[in-house]
Amino acid sequence: GAIEQRHILDLSWKNLLFASYIGTYYYNSVPEYEKRVSEYYPGGSIGVSYRDIRLSVFGGLMRGGLTCLGGVCRYLPDFKGMKMELEVKL
């Protein structure tokens, strides 16, 4: 069977600046194929929030797969690198 453990450390200052570390450990064993997969996906982000605007930069690895948010599900591929996200609440 598959096991996924996620470790998150969030630090913030006055709800303005933030830094996060995200580590995901994935283990899967398939006895009929005698195959074992053990992987670790480390990553981190830093950012700033002001009123209804949030800007963040992420760097590292993210495990892909099926993800659901707000009732909408989609498949995401594995990610490796850096990305910047801008969120504006209307």
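Just so you know, residue 1 is the first one in the sequence shown, and it goes up from there.
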Exercise for review: Would you kindly confirm whether L86 and L16 end up in one hydrophobic cluster when ILVMFWY residues are joined by side chain heavy atoms under 4.5 Å apart?
Suggested key: yes
Revision key, fill the gap. Closest non-hydrogen atoms of S38 and Y27, given as atom of the first, atom of the second and distance, are CB-CD1, 4.0 Å
Check your understanding: Taking the six-membered ring of F18, is the NZ or CZ of R54 close enough (under 6.0 Å from the centre) and on axis enough (within 45°)?
Key -> yes
Point to revise | Taking every non-hydrogen atom, the tightest pair across C73 and L66 | key: CB-CD1, 4.2 Å
Review point. Is it true that the side chains of S45 and Y21 contain a donor and an acceptor less than 3.5 Å apart?
Key: no
Point to revise | Inter-residue atom distance E39.CD - N28.CG, 0.5 Å rounding | key: 9.5 Å
Exercise for review: Answer yes if Y75 and F79 sit in the same cluster of Ile, Leu, Val, Met, Phe, Trp and Tyr residues linked by side chain heavy atoms under 4.5 Å apart, and no otherwise.
Suggested key: no
Point to revise | Pairwise distance CD1(I46) to CG(L55) - rounded to 0.5 angstrom | key: 9.5 Å
Exercise for review: Consider only side-chain heavy atoms of I, L, V, M, F, W and Y, link residues closer than 4.5 Å, and tell whether I8 and W13 are in one cluster.
Suggested key: no
Check your understanding: For D10, does the CG atom sit with more than 12 other heavy atoms under 6.0 Å from it, leaving out its own atoms?
Key -> yes
Exercise for review: Indicate the atoms forming the closest heavy-atom contact of V57 with M82, along with that distance.
Suggested key: CG1-CE, 3.7 Å
**Study point:** Value rounded to 0.5 Å, distance of CZ in R74 from OG1 in T67
**Key:** 7.0 Å
Check your understanding: Rounded to the nearest 0.5 Å, how far does OH of Y26 lie from CZ of R63?
Key -> 4.5 Å
Review point. So do the side chains of L9 and S20 get within less than 4.5 Å of each other, counting heavy atoms only?
Key: no
**Study point:** Closest heavy-atom pair and its distance - Y40, P42
**Key:** O-CD, 3.4 Å
Check your understanding: Should we say atom CG of L69 is surrounded by more than 12 heavy atoms from elsewhere, each under 6.0 Å from it?
Key -> no
Exercise for review: Look only at the side chain of D52 and the backbone of V88, and say whether a donor-acceptor pair between them is shorter than 3.5 Å.
Suggested key: no
Study note, to complete from the structure: Value for CD (E4) from OH (Y41), rounded to nearest 0.5 Å, stands at 8.5 Å
Check your understanding: More than 12 non-hydrogen atoms from neighbouring residues, nucleotides or ligands closer than 6.0 Å to NZ on K80, yes or no?
Key -> no
